Amino acid sequence: MFKPRVYVTRQIFPDALDLIEKSAELELWPEDQPPSPEQLKEALADVDGAIINVMDHIDASVLEAAPKLRVLSQVAVGLDNIDIPESTKREILVGYTPGVLAKSTADLAFGLLLAVARRVVESDKWVREGNWKISHHPMFWLGSEVNGSTLGILGLGGIGLEMAKRAKGFDMKVLYHSRTRKRELEKEHGFKYASFKRVLADSDFISIHVPLTPETNKFIGEKQLKAMKKSAILVNLSRGPVVDTEALYKALKKSWIAGAGLDVFDPEPVPPEHPILGLDNVVVLPHIGSASNRSRREMHLLAARNLVAGLNGERLEECANPELYESLGI
Ligand code: DGY
């Protein structure tokens with residue numbers, strides 16, 4: 001029996017691989033480091049489908065080298081590494097994994113917010129370095145109060161919404177700015193819509209949840225950082241290039257803002273000698289927003305189901321270019 005050929009560009013949970021293997025011949029990239037562009041082209045040259053990752057850059061030249069490709073299944077909600085219009089032009093369905101990672105990513109965003117506000121990483125380091133000599137001091141390690149403060153959300157999509165819900169549990173006021181105003185959510189949860197300018201000026205914490213697009217590249221630069229409160233803490237779990245790294249470094253160093261929690265960086269990985277790592281008012285994590293066992297497994301399974309559905313000529317559970325369904329007759 002004919003089985004389509006599939007390439008998986010990084011290790012994934014075994015039950016997701018099993019699911020794919022039931023209907024396809026599977027080949028798996030064996031390394032932890034991603035394939036180079038040339039290796040990626042070679043890997044995709046003769047396959048019908050692929051499971052890919054945010055580090056695999058799928059541009060027109062890669063698609064050109066993959067003439068049989070019918071389905072690209074991304075293990076992520078962000079799609080900035082894929083040329084979607086070019087995929088659509090070539091009638092390649094693109095799957096992705098929103099939803100299943102929203103709660104775990106928001107958990108970590110809130111964790112980062114708390115960590116920076118209450119100086120968790122900084123004080124832990126201080127203890128480990130042998131500096132805890134006085135049991136309790138009334139004026140040591142003062143941080144920012146989270147409860148009762150204002151959280152500004154930039155981008156009220158799936159993850160932004162989960163972040164806003166967590167803030168309500170901490171009695172925070174939630175302001176948001178998003179491409180589309182969500183009046184239902186405002187009514188249901190009491191979130192307040194505000195202009196970009198107002199969110200910057202009025203928030204104690206600002207959490208970024210916008211996708212990376214040409215419009216959001218360096219969305220937060222010097223001007224925006226200077227427009228924030230001096231006491232503001234910025235949290236970024238979207239994509240590194242949404243924040244201008246140079247400007248953020250200046251803002252943290254010169255105390256234009258109080259701190260930052262970053263799960264993403266530009267560039268990634270952050271070079272160990274980067275000056276930002278010498279600052280105490282920033283916590284940097286290695287892009288682990290969705291890295292809980294449950295979320296990652298669900299992402300891998302959803303990506304596998306998207307892939308198999310596409311290969312079987314069916315609609316994907318989560319598709320980034322559903323406008324193709326009509327021309328594909330599915
Ligand atoms: C995403 O889903 O876009 C994350 O960045 C990868 O886990």
Side-chain angles (χ1 to χ4, degrees), residues 8-13 16-17 29 32-35 40 50-59 71-84 87 93-113 153-163 166 178-179 207-217 219-220 234-243 245 260-270 283-307 316-321:
V8 180
T9 65
R10 219 78 85 256
Q11 198 198 336
I12 56 173
F13 274 82
L17 288 175
W29 175 252
D32 287 332
Q33 282 292 343
L40 189 60
I51 298 269
I52 54 162
N53 191 278
V54 291
M55 288 191 69
D56 302 319
H57 291 280
I58 310 288
D59 59 15
V71 196
L72 269 174
S73 183
Q74 161 100 329
V75 186
V77 61
L79 291 161
D80 46 283
N81 56 312
I82 307 174
D83 188 335
I84 306 277
S87 307
L93 288 166
V94 179
Y96 70 135
T97 62
V100 292
L101 51 69
K103 286 184 175 16
S104 58
T105 306
D107 287 347
L108 193 78
F110 214 84
L112 259 179
L113 182 155
I153 305 247
L154 297 173
L156 199 69
I159 301 170
L161 172 60
E162 289 299 330
M163 182 66 173
R166 278 149 186 73
S178 215
R179 259 181 313 196
S207 195
I208 309 175
H209 301 285
V210 295
L212 175 62
T213 63
E215 294 74 45
T216 61
N217 197 0
F219 193 44
I220 302 291
L234 180 71
V235 174
N236 187 13
L237 272 89
S238 62
R239 286 290 183 265
V242 170
V243 176
T245 307
L262 310 172
D263 181 46
V264 289
F265 205 82
D266 183 24
E268 270 179 33
V270 57
V283 175
V284 184
L285 301 181
H287 200 146
I288 55 170
S290 62
S292 73
N293 269 301
R294 188 168 67 197
S295 281
R296 281 288 163 86
R297 182 168 168 266
E298 286 180 5
M299 287 163 73
H300 298 173
L301 286 168
L302 174 54
R305 292 196 301 274
N306 278 337
L307 178 76
L316 280 48
E317 273 173 57
E318 299 290 352
C319 184
N321 53 358

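The figures that follow rest on heavy atoms only: side chains count, while hydrogens, waters and symmetry mates do not. Here the structure is a predicted model, which is why all the values come from computation and not from measurement. Atoms within a ligand are numbered from 1 in the order they appear, just like the ligands themselves.
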**OP:** Would you please say whether a donor-acceptor pair under 3.5 Å links the side chains of Thr9 and Asp56?
**Re:** yes
**OP:** Would you please say whether a donor-acceptor pair under 3.5 Å links the side chains of Arg296 and Ser290?
**Re:** yes
Subject >> Taking atom 2 (O) of ligand 1 as the reference point, the nearest protein heavy atom with its distance >> reply: Val77 N, 2.8 Å
Original post:
Which one holds for Ala76 and ligand 1: side chain close, backbone close, both close, or neither close, with close meaning a heavy atom under 4.0 Å?
Top reply: both
Original post:
Given Pro241, which of Leu212, Asp80, Thr216 fulfils the side-chain contact (heavy atoms from CB on, under 4.5 Å) condition?
Top reply: Leu212
Original post:
Mind checking whether Gly78 has an N or O less than 3.5 Å away from an N or O of ligand 1?
Top reply: yes
Subject >> Distance filter under 4.0 Å to His287 heavy atoms, resulting ligand 1 atoms >> reply: 4 (C), 5 (O), 6 (C)
Original post:
Using heavy atoms and a threshold below 4.0 Å, how should the contact between Leu101 and ligand 1 be classified: side chain, backbone, both, or neither?
Top reply: side chain
Subject >> ligand 1 atoms in contact with Met299 (distance to a heavy atom under 4.0 Å) >> reply: 7 (O)
Original post:
Which ligand 1 atoms does Arg239 reach within 4.0 Å, using its non-hydrogen atoms?
Top reply: 1 (C), 3 (O), 4 (C), 5 (O)
Original post:
Any side-chain heavy atom of Ile58 within less than 4.5 Å of one from Leu40?
Top reply: yes
**OP:** Output the list of atoms in ligand 1 that are nearer than 4.0 Å to some heavy atom of Ser290, sorted by atom number.
**Re:** 7 (O)
Original post:
Heavy-atom count around Gln11 CD within 6.0 Å, excluding the residue itself: above 12?
Top reply: no
**OP:** Please determine if Arg10 and Asp32 form a salt bridge, counting it only when a charged side-chain N lies under 4.0 Å from a carboxylate O.
**Re:** no
